[in-house]
Amino acid sequence: MGSVIAVTSGKGGTGKTAVTANLGAALAQRGKKALLIDTDIGLRSLDLALGLDGEVVYDLTDVTEGSCDLAKAIVRHETLSGLYLLPASQTKDSGSVTATQLRCLTEAAAPDYDFVLIDCPSGVGPGFRAAAAAADEVIVVVLPEAAALRGADRTLGLLEREGVDKARLIINRLRPSLVRRGLMPDVEGVVSELSVDLLGAVPEDEALAIAANSLDLVILDTKSEAGRAFRNIAARLCGESVDLIDFKARRGLIKRLMGA
């Protein structure tokens with residue numbers, strides 16, 4: 001039985017969908033079978049992040065409404081053999097899939113996959129609640145900035161009230177240069193403020209923007225620090241003990257080189 005994990009955020013613009021796509025790809029690279037479900041109905045984007053927009057025929061609401069079966073709606077990634085997508089509808093509204101329907105769907109899918117990742121809609125509306133109800137665990141994606149931290153704190157509070165007792169944090173787009181200058185909270189500060197277990201931190205990386213604009217995955221760029229961070233997060237999800245990347249180490253190296 002695969003783990004069902006909802007990936008959410010307290011506000012839009014945190015890079016949640018890119019996190020879901022690259023995390024699923026990193027799991028597939030490790031030989032795991034991962035199904036990614038886009039529940040952002042009406043604003044479908046996970047297919048774009050995976051480079052599968054031209055492959056979509058059926059979607060999540062086709063399955064929940066009985067228009068087609070689950071296997072027929074799932075799209076397999078062309079190059080990562082263990083990576084699969086169930087896309088969202090672009091024409092239905094956000095309340096088209098209920099918590100009961102999504103829970104039944106994930107229960108049916110989980111035996112065939114090692115991981116089922118649910119890409120939640122932004123915010124804390126019905127789509128968020130449905131995904132949280134269907135998941136074994138929730139990953140909250142947050143940016144290290146005041147508005148995002150407030151949104152994440154609210155999200156974690158709602159999860160607690162919904163009875164979700166397993167939530168972990170991914171800090172996205174961390175900029176070490178700003179952290180060193182005291183212009184951005186560091187990893188320890190974010191974790192302390194939100195009081196939640198840390199799953200990983202992903203640095204700001206121009207490779208992320210390049211991948212997004214080319215409809216590709218940064219995880220496929222072996223030189224990308226963000227890609228390395230996603231691979232480490234996938235390893236932790238698989239139960240391995242992997243140290244966090246020391247984003248401060250580079251500064252020390254540069255100073256030593258300048259001194260030499």
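Between Val63 and Cys68 there is a side-chain heavy-atom pair separated by less than 4.5 Å. Residues Phe230 and Val218 form a side-chain contact, since some pair of their non-hydrogen atoms from C-beta on lies under 4.5 Å apart. Residues Leu105 and Ile37 are in side-chain contact: their nearest non-hydrogen atoms beyond the backbone lie under 4.5 Å apart. Contact annotation: the side chain of Leu36 approaches that of Leu83 to within less than 4.5 Å [non-hydrogen atoms, C-beta and beyond]. Counting heavy atoms from C-beta on, the side chains of Val187 and Leu174 come closer than 4.5 Å.
By the 6.0 Å contact criterion, CD on Glu160 is open, its count of non-hydrogen atoms from other residues, nucleotides or ligands being 12 or less. No more than 12 heavy atoms of other residues, nucleotides or ligands sit less than 6.0 Å from atom CZ of Arg228. Residue Glu78 places its CD atom among 12 or fewer non-hydrogen atoms of other residues, nucleotides or ligands, all under 6.0 Å distant.
Val242 belongs to no hydrophobic cluster, as no Ile, Leu, Val, Met, Phe, Trp or Tyr side chain comes under 4.5 Å of its own.
The stretch residues 192-208 participates, sequence neighbours left out, in these side chain to side chain donor-acceptor pair (under 3.5 Å) pairs: Asp205-Ser224.
For the residue pair Asp59 and Thr61, a side-chain donor N or O sits within less than 3.5 Å of a side-chain acceptor on the partner.
Of the possible donor and acceptor atoms, none in the side chain of Asp47 sits under 3.5 Å from a partner among the backbone N and O of Leu52. Between the Arg236 side chain and the Asp243 main chain, a donor and an acceptor come within less than 3.5 Å of each other. Looking at Ser96, its side chain never comes within 3.5 Å of a backbone N or O of Lys92 through a donor-acceptor pair. A donor-acceptor pair under 3.5 Å is absent between the side-chain atoms of Asp153 and the main chain of Leu149, judged by distance alone. Judged purely by atom type and a 3.5 angstrom limit, Asp38 uses its side chain to pair as donor or acceptor with the backbone of Leu46. With hydrogens and angles ignored, the 3.5 Å screen pairs no side-chain donor or acceptor of Asp40 with any backbone N or O of Cys120. Between the side chain of His77 and the backbone N or O of Leu50, at least one donor-acceptor pair lies under 3.5 Å. Not one N or O on the side chain of Asn172 forms a donor-acceptor pair closer than 3.5 Å with the backbone of Leu143. Using modelled atom types, one side-chain atom of Thr39 and one backbone atom of Asp119 make a donor-acceptor pair closer than 3.5 Å. Under the 3.5 Å distance criterion, the side-chain polar atoms of Thr98 are matched with a main-chain donor or acceptor of Gln101.
Scanning for side chain to side chain contact (heavy atoms under 4.5 Å, CB included) contacts around Ala135 gives Val4, Ala6, with sequence neighbours left out.
With values rounded to the nearest 0.5 angstrom, Leu169 atom CG is found 6.0 Å from Leu198 atom CG. Taking OG1 from Thr20 and CG from Leu23, the interatomic distance works out to 7.5 Å, rounded to the nearest 0.5 Å.
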Quiz item: Step by step, would you call Val75 with Tyr58 a side chain to side chain contact (heavy atoms under 4.5 Å, CB included)?
Solution: CA-CA 9 Å; Val75 180; Tyr58 300 103; over 6 Å; no

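The residue from Ile5, Thr106, Val7 that alone fulfils the side chain to side chain contact (heavy atoms under 4.5 Å, CB included) condition with Ile118 is Thr106.
Figure legend: Lys33 and Tyr84 shown as a cation-pi pair, the cationic atom lying under 6.0 angstrom from the six-membered ring centre and within 45 degrees of its axis.
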